[in-house]
Amino acid sequence: MGLYRRMFCQKIPRDRETLTRLLRSCARDVTSIGVGESLHCRILKSGLVADLFMQTGLLDFYAKRGVLVSAEKVFEEMPDRDVVACNAMIAALGGHGRTEDARKLFDEMSLKSSASWNTMTTCYCKQGDLSLARAIFDSNPVKDVVSWNAMIDGYCKAGQLGMAEELFGRMGSARNSVTWNTMITGHLQQREFGVAISLFREMQMEDVKPTEVTMVSLLSACAHLGALSTGKWIHAYICSHHLNVDVVLGNALIDFYFKCGSIDAALDVFHSMPSKNVFCWNSIISGFGMQGYGHKAIQAFTEMEKQNAFKPDGITFVGLLSACSHSGLVAEGKRYFYRMRAVYGIVPQIEHYGCMVDLLGRAGLLREALSFVEIMEVRPNCVVWGSLLRACKIHNNIEASEQVTEQMMRLDPRDGGNYVFLSNAYASARRWGDVEVCRRVMTANRARKVPGCSSIEVDNVVHEFVVGDASHAEFGNICSFLAEMEVELRSLGYRPVTACVLHDIEEEEKEKAVMYHSERIAIAFGLMRTRSTEPILVVKNLRVCVDCHEATKFMAKMFQREIIVRDRSRFHHFRDGACSCRDYW
DNA sequence: CTAGGGTTAG
């Protein structure tokens, strides 16, 4: 596109063929709306008679850039409309939710190509009408691999993986890389990250070559799982097979390395990228933030501004503000919150308010956090109330806790996390009667708490431990190891933090042997099964509790291992008896 | 002309 743009600036091309090619490249380039429009003007002014190809090029350009009115105008003024032009128009209408108009045009076509049927299938899929999509798919007399892939993707996006799998199975050897990528992404969207990775292994066994798209999905799966060595293997594969690291793949690599705690590797990828976009900068900013490097996040933001290449967006500020929050940078956070609207014209969304409430609350400014909730232009949600509840807890302000919890229960009475939190607040105040009431209300409302779950990758296999689940083959050994370890931890000075004994009130009934929180089991498993000097990386779906946080510090000291825990909100790097979060989390 | 990819507050 760059080349075309330069050509265009230097000299106005006159011939039809060049103009058409320019238009086509504009259709592919998201930033080219202006270039394409002026091309159209030149064509009109030059008196050149547009042929079918040029008209279709114009139509497609406007369709892809979202200017449906112009696309329709071009289409209406076309004296002859071939199949390609009609297909482009159908796709444009479908992309704007005008499925009925698309269908009308489709039905009027006397001659339909495979692409016509496929486009129509996709229109219905986008609208979420899977049965109509399936009807078109079934009556398509010229089914090709695109037809199957379009239908499979429709099922995946609708969350109907069973239907997708059924078609996938029937395709047999007709599956191409897009088919596999679609299924991998489908499982990713259902958060079945392990399945996504095993599908890739199957794909390799069937000798289908993975593409850049495959790698992006796999890296995302590895990032979620904290599967560092699997992801590193994928990175090596990308390099050895000379896959093209474009902005999307580069960003996937950056995000993957950050989410696995490998900051330097993430930065290496970032600096090696010839071109970046706002996604990459956002990943860097939020990456630093979740590692607890607030100042580096600010530095990255400043650098982004200085280079003046990309305008920060709402997501940039979510990263920046949460970075300030994790590092306790109150003044900076406030400053950026106000600048975001004043300087960048970005209207704060609930996420931004959430960051601010969290920032103020955690820094001990409960009153200010409360007033922030009052001035918010949007209704607070569970996350905002949750941050506030945490702030109340820090201040041991039970009355405020009760009020906030009441608000939360009103929003979602089935969310067990709220009850656990309030119950803990009561427990720390030794108000056992209220703890009991809390438990009864929770049972009465049939609320469920999301069970704690931690995973660790050992020898390229991700092991998952859910609290209270003893089904892992090594479970017995891990528990005896933990019990032995506890004696030594105590001799080093570890004392269990009893205030969060009721962290899992549901778990109380269970055997004492399965009372360990999942992260402790995962860390113990890592200590047992790995002998290297590599750090241990554990990923947890909830926040770590104070007791596990304390215990892990002592474990890191005792075994002289770096233990990295990525919890729901940030990273903890435990080294030699201390944590990188400096107990601020 | 038609199928598959990335960042987001607790």
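Residue numbers start from 1 in every chain, and the chains themselves are labelled A, B, ... in the order their sequence lines are given, proteins ahead of strands. Computation of the quantities below employed the complete heavy-atom set of this structure, encompassing side-chain atoms and omitting hydrogens, waters and symmetry-equivalent molecules.
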Given B:dA3, B:dG5, B:dT2, which nucleotide is nearest the side-chain atoms of A:Val248? B:dG5
Contact class for A:Val357 (heavy atom, under 4.0 Å): base, sugar-phosphate, or nothing? nothing
How long is the line joining CG of A:Leu218 and C1' of B:dG5, in whole Å? 11 Å
Ranking B:dG4, B:dC1, B:dT8 by distance to the side chain of A:Ser113, first place goes to B:dC1
For A:Asn140, which contact category applies under a 4.0 Å heavy-atom criterion: base, sugar-phosphate, or nothing? nothing
Could you give the CE-to-C1' distance, from A:Met215 to B:dG6, as a whole number of Å? 16 Å
For a quick test of reading the model: is some side-chain N or O of A:His326 closer than 4.0 Å to OP1 or OP2 of B:dA9? no
Using only heavy-atom distances, determine whether the side chains of A:Asn149 and A:Thr179 contain a donor-acceptor pair under 3.5 Å. yes
Nearest-neighbour nucleotide for the A:Lys157 side chain, B:dT8, B:dT2, B:dG4 considered: B:dG4
Test your reading of the model: is there a side-chain donor-acceptor pair from A:Asp567 to the backbone of A:Val544, 3.5 Å cut-off? yes
Kindly point out which of B:dG4, B:dT8, B:dC1 is positioned nearest to the side chain of A:Asp153? B:dG4
Considering every strand and a 4.0 Å limit on heavy-atom distances, what is the contact class for A:Asp246: base, sugar-phosphate, or nothing? base
Among the candidates B:dT2, B:dG10, B:dT7, find the nucleotide nearest to the side-chain atoms of A:Lys259. B:dT7
Parallel, tilted or perpendicular: which one describes the rings of A:Trp585 and A:His572, with boundaries at 30° and 60°? perpendicular
Taken to the nearest whole Å, CG/A:Leu249 to P/B:dG4 is 18 Å
Below 4.0 angstrom, N of the basic side chain to O of the carboxylate: do A:Arg566 and A:Glu519 qualify? no
Working for side-chain contact (heavy atoms from CB on, under 4.5 Å), residues A:Phe256 and A:Ser220: CA-CA 6 Å; A:Phe256 155 73; A:Ser220 166; over 6 Å; no
Tell me, which of residues 181-192 of chain A have any heavy atom that sits under 4.0 Å from an atom in DNA chain B? A:Asn181, A:Thr182, A:Thr185
Minimum-distance nucleotide (side-chain atoms of A:Asp60 versus B:dG6, B:dT2, B:dC1): B:dC1
Using a 4.0 Å heavy-atom cut-off across all strands, classify A:Asp313 as base, sugar-phosphate, or nothing. nothing
So what does A:Leu219 hit on the nucleic acid, given a heavy-atom distance under 4.0 Å: a base, only sugar-phosphate, or nothing? nothing
A:Asn118 has its side chain closest, among B:dG6, B:dG10, B:dT2, to B:dT2
Minimum-distance nucleotide to A:Val145 side chain [options: B:dG6, B:dA3, B:dC1]: B:dA3
Separation of B:dA9 C1' from A:Asn282 CG (nearest whole Å): 14 Å
Students often get this wrong, so: under 4.0 angstrom with heavy atoms, is A:Lys64 touching a base, only sugar-phosphate, or nothing? sugar-phosphate
Strictly below 4.0 Å, N to O, side chains only: are A:Glu72 and A:Arg98 in salt-bridge contact? yes
Hey, are A:Arg341 and A:Glu377 close enough for a salt bridge, meaning a charged N less than 4.0 Å from a carboxylate O? yes
Between atom NE2 in A:His352 and atom C1' in B:dT7, what is the gap in whole Å? 12 Å
Could you check whether the side chain of A:Arg390 and the base of B:dG10 have a donor-acceptor pair of N or O atoms closer than 3.5 Å, going by distance alone? no
Could you tell me if A:Thr119 and A:Asn87 have a donor-acceptor pair between their side chains, going purely by distance under 3.5 Å? no
A:Phe106 atom CZ is separated from B:dT2 atom C1', nearest whole Å, by 12 Å
By the 4.0 Å heavy-atom rule, please label A:Thr211 as base, sugar-phosphate, or nothing. base
Describe the nucleic acid contact of A:Thr214 in one word from base, sugar-phosphate, nothing, applying a heavy-atom distance below 4.0 Å. nothing
So what does A:Asp144 hit on the nucleic acid, given a heavy-atom distance under 4.0 Å: a base, only sugar-phosphate, or nothing? nothing
Among B:dT8, B:dT2, B:dG5, find the nucleotide with the atom closest to the side chain of A:Val146. B:dT2
Would you kindly give the CD-to-C1' distance between A:Gln291 and B:dT7, to the nearest whole Å? 15 Å
So A:Val213, base contact, sugar-phosphate only, or nothing? Heavy-atom distance under 4.0 Å. base
d(CD, A:Gln349; P, B:dA9) in whole Å: 14 Å
Any donor-acceptor N or O pair under 3.5 Å, side chains A:Gln299, A:Glu303: no
Of the nucleotides B:dC1, B:dT8, B:dG10, which one has an atom closest to the side chain of A:Arg362? B:dG10
